[in-house]
Every structure is written in structure tokens, then in C-alpha cells.
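Here the structure is laid out as C-alpha cells; the discussion comes afterwards.
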2 protein chains.
Amino acid sequence: MLTQTLNTQVHGSTIAPATHPVSDQFGAITGHVGLVASEFSYRKDEEIYGEDEPAEYVYQVVSGAVRSYKLLSDGRRQIGAFHLPGDVFGLESGATHRLAAEAIIDTTVRLVKRSSLEKAAGTDVQVARKLWAMTAGELRHAEDHMLLLGRKTAMERVATFLLEMDRRLAVAGMMALPMCRRDIGDYLGLTLETVSRALSQLHSQGILGFSGARQIVLRNRQRLHNLDA
Amino acid sequence: MLTQTLNTQVHGSTIAPATHPVSDQFGAITGHVGLVASEFSYRKDEEIYGEDEPAEYVYQVVSGAVRSYKLLSDGRRQIGAFHLPGDVFGLESGATHRLAAEAIIDTTVRLVKRSSLEKAAGTDVQVARKLWAMTAGELRHAEDHMLLLGRKTAMERVATFLLEMDRRLAVAGMMALPMCRRDIGDYLGLTLETVSRALSQLHSQGILGFSGARQIVLRNRQRLHNLDA
DNA sequence: CGTGGATTTGAACTTATTCAATGTGCGTGG
DNA sequence: CCACGCACATTGAATAAGTTCAAATCCACG
């Protein structure tokens, strides 16, 4: 909730790692308009913002990982997205955050004031177009995820998840997952036990290898694709 | 797929019925920039556009109803949204439609070329802002729906559905659902039988009344809210 | 009025969940 | 450097929720 003093600095450092193939979405805006970006860090499990809180900042993950989620009154949780280094999150067209956000592990973000983005968008049509494109990208992910949550089997969901994480954070053919089994379950609409069972089955079939529960190597992406509906 | 000749006409007629409380989103754009809108009609179950097809037009329902959906290779279907009179659909930031769209019943739409909206957005920041806000509105719905699909029980999903439809299309306290039980199931991530059983249970509890399977009266919105997590 | 798709209802079944116990490994401190 | 402790993960067995398959009923429409 940003109670500490911000370490304000002019933007400009490169964050997106070489393994993240998309262009630096944040830089595409801040660089274009010369906005000031700050950095901030959160510890594991610390809240970055709450659901329905005013959307004062837009964030980009520098290092670490973030989960965005909604809760039901009895505590059931649906994680809508994981945000990894280079990803922008917390961007809203309206006044408030639609999902809460928490650091999954110790995390550093860059952030800019929403108001300065709004102002830039009011001046520069290119910025406005970019903001729209970023929200549209989130919508695309949500649409794909609705299909997963509504219609895929447990094994298909886990296969989809592994391929997504492989694409987004694999380095040298290996994934270091920042999130626990419960987070994965809450992302896939499953229990942590069902996620664990699916991973064990993939392991026993030689489709993936473990070096620690969160270090995964995909040994056969094709078979994983086949399992993914 | 728009093979017939379009009945081109200047926009201006009011479409959103009095029961649809939001402002006319289409008019907010076309009126502002003076774009030309056309009308077109589709018969029940006719495709309006396919998944991954180039997004040439943006649509607004004049009368009827539309379903947007994705399919898995084996035919499993996830409906992402129902579009009712006044609703805009088919708006994309990228080049292609991310979901397919079909008329649920005989339906008339207004449409404008995507290229003319793009052009207007390049000139007028207000238009650009409005396009962003419309996509953000779709994202919000998708985020709420992910929570439903990932974490709500069958009865909670049906209760949520009824309250959504009540809000969007109730006239004089009564809903005339345009879609069949299978559509509802594919929207809620359930089978049509499960939807039917939930509705029967709500009927037997006096929470709703039927006059024909698709004419529903909510008799106790509070109890329905209580069933909705 | 009859007809056929749509809906409801029933019963067996499947999948994933729940509850419980065991196992693993990482980080910390001795 | 090794051992300990605890959070995390795995595995098992019983249960529950929703699906599947089947049959009966309902209506909307011609």
C-alpha cells in the first residue's frame, strides 16, 4: 500500500530480461512521453494493492513475480494472472483496481502515476493507442483463460499452464516457478492436490523432469501440446 | 460473413431500449465523429464472424441477441459473453476477432468499419479514450467471469447468471431469455442438465417463476443474491 | 392439433475434491 | 558443514459435485 518513501528516479534502465521476447511495454510509453518512473520493492506475500482500491499507479515487474486475484466472501480465490519480469500490471481504464495484487516472492517494480499516463494519453494519440493495446492484451489472456476454466480437464489445464510458463520464463530449457501449488491451483480453478497429481503423472510419463518441486524441465513439449485439447 | 449487400445509412436512430440503463456506447463514438453506420440482419444460429477472422467491423445489437464463444478442437465450447440490444461487440484492438460470434435468434445489428474507428481514434483523443474504456469494460466482465468459472458452484453460477440477465434484460420484472439451456451451460461452464436442475430447484423453492422455459420471473432477488457466494 | 426440438427428470458413473497422513527439501542456526 | 524444523509437496482413501446416458414431458410453431 505504498507507505514507504518512494525512490524517485528518471526512467531509462532496461528491465525486460533477454528471455522475455516482447518489447518493453512500459518503456514504449514512458520513453515516448518522458514520464518519471520510480522503483519500489515488496516482500513475499505483501499486498501491492487491494481489490476496488483507487488505481493510483501502473506497475511493471522489474524482478520477482506478482499474482492478481479476486476473492469470494468465504475465501475462495481466483488468480486471474501472474505477472513476471517485464510485465505491466495494475493498468486500469476506470478509477479502481478490479483485482488485488500481491508479491509472490520478494519483488521490485517500477511504477508511474496513473494520472500522468492519463495526461500523456490526452495529448499523445500514440500513448492512448498503446494503453488500449495493453488492456486488449489482458482481455485476450482472460478470454483464453475462460475457455480453460470453463471447459478444460484438470490435465489439460496443467498442460496449458506449463506451456505458458515455459514460454514466459524458461531459461536454458528450465523453468523456475515462483509460485506454490496452491497458487497454481487457484489460477487453474483446481485444488493444489489435483495440480500435484497431474504434475506427478507427467513426471512418471517422462514428459517433464523435476529438480526440486518448482524447478521443472519440459522433456516433451509436443506431448504436452497434445494433452492440451 | 457479410456476403449480402449492406443497407447503408447515416446513423442516428436510437437503439438502446429504455431498460438498458447505460448510455449508447456506439452513439458516443459515431455521433462524435460523424461516422457512417449500416444495418444488417442475421438469422437464428447464423455466424456473424469466426474466431481469428480479420476484424473488419464493429457491431452493435439493435434487436435480437448474440453469443461470443471459443471452441476446443473436439467441439467443447465456452461462451464468453452474450450481447443484448444496445451492446457493442466485435471491437478489437488487434487485427482479428478473438472469439466467434453467432446470432442466438434473428438479430439486427448496426456496424461501422473498424478502419474508420481507427482513423477517428487517431484524430480524436476522446474517441481513443472511449475505445479503451469499452475494451476495459469487456475485461472487467471477463475477470468476473473467471471467478465464476474457476471457483463458484453450479448453483452460484446459475444465481449469478439470473441476476445478470435480470439486470440486463428484465422488462416489468420478467426476463425473456433468448438463449437455450445449452447456451447457458456453455456460458457457465456447466452441462445443460445441471443448469436445468438448478433452475428447477430455484423454482421449487419459490425463488423464481416460469411462464414457459425461457420466461422467468425472479420472485426473491435477495435469496438469489445469498446463493451467489 | 400434431410434430420435433427443447427441457426436465432419473440413475449410474466419472472426475475432482476433501480429509488425512507421509514425504521432501530448503533455510537457518548450531 | 551438518542437523533440525517447518513449510511445502506428494500420495492415499473416501466423498461429493457435476456429468453422462437415457427416457419422459413440455411447448412453440407450423
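Chain letters run A, B, ... following the sequence lines, proteins first and then strands; every chain starts at 1.
Residues from residues 181-197 of chain A placing a heavy atom under 4.0 Å of any atom in DNA chain D, listed by number, are A:Arg181, A:Leu192, A:Glu193, A:Ser196, A:Arg197. Sorted by residue number, the list of members of residues 150-162 of chain A with any non-hydrogen atom under 4.0 Å from DNA chain D is empty.
When every heavy atom of B:Ser93 is checked against every heavy atom of A:Ala133, the shortest pair comes out as OG-CA, 3.5 Å.
Every residue meeting the side chain to side chain contact (heavy atoms under 4.5 Å, CB included) condition with B:Met155, not counting sequence neighbours, appears here in chain and number order: B:Thr153, B:Ala198, B:Gln201, B:Leu202, B:Leu227.
Counting 5' to 3', DNA chain D first comes under 4.0 angstrom of a heavy atom of chain B and last does so at the ends given by D:dG18 to D:dA28.
One atom, CZ of A:Arg76, and another, C1' of C:dT18, lie 14 Å apart when rounded to the nearest Å. Going from atom CD1 of A:Ile105 over to atom C1' of C:dG27 covers 16 Å, rounded to whole Å. Between the P atom of C:dT7 and the CE atom of B:Met179 lies a distance of 11 Å, rounded to the nearest Å. If you measure from atom CD1 of B:Ile216 to atom C1' of C:dT8, you get 13 Å, rounded to the nearest angstrom.
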Point to revise | A:Arg76 vs B:Glu156, salt bridge (charged side-chain N to carboxylate O under 4.0 Å, His left out): CA-CA, chis, key distance, verdict | key: CA-CA 13 Å; A:Arg76 280 173 288 173; B:Glu156 288 167 349; 2.8 Å; yes
Checklist line | Derivation of the side chain to side chain donor-acceptor pair (under 3.5 Å) call for B:Glu102 and B:Tyr42 | finding: CA-CA 8 Å; B:Glu102 284 175 354; B:Tyr42 299 89; over 6 Å; no
Inset, instruction - I would like to know whether B:Ser41 and B:Thr108 meet side chain to side chain donor-acceptor pair (under 3.5 Å); could you show each step before the answer? - result: CA-CA 4 Å; B:Ser41 291; B:Thr108 298; 2.8 Å; yes
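Panel note: side chain B:Arg98, backbone B:Asp52; no donor-acceptor pair is recorded below 3.5 Å. The backbone N or O of A:Tyr187 sits less than 3.5 Å from a side-chain atom of A:Gln78, completing a donor-acceptor pair. Checking side-chain atoms of A:Asp228 against main-chain N and O of A:Ala159 turns up no donor-acceptor pair under 3.5 Å.
One finds no salt bridge joining B:Arg151 and A:Asp74 here, because no Lys/Arg side-chain nitrogen approaches an Asp/Glu carboxylate oxygen to under 4.0 Å. Between A:Lys70 and A:Asp186 there is no salt bridge, since no side-chain N of the basic residue sits under 4.0 Å from a carboxylate O of the acidic one.
The ring of B:Phe40 has its center no closer than 6.0 angstrom to the ring center of B:Tyr57. In this structure, the ring of B:His83 has its center no less than 6.0 angstrom from the ring center of B:Tyr59.
Residue pairs meeting the side chain to side chain donor-acceptor pair (under 3.5 Å) criterion with at least one member in residues 207-221 of chain A, sequence neighbours excluded, are A:Asp166-A:Arg221.
In terms of position along DNA chain C, the nucleotide closest to B:Ser200 lies nearer the 5' end than the nucleotide closest to the other residue of the pair B:Ser200 and A:Gly212.
From one end of the helix from C:dC1-D:dG30 to C:dG30-D:dC1 to the other, with five pairs defining each end axis, the axis direction shifts by 40° (rounded to 10°).
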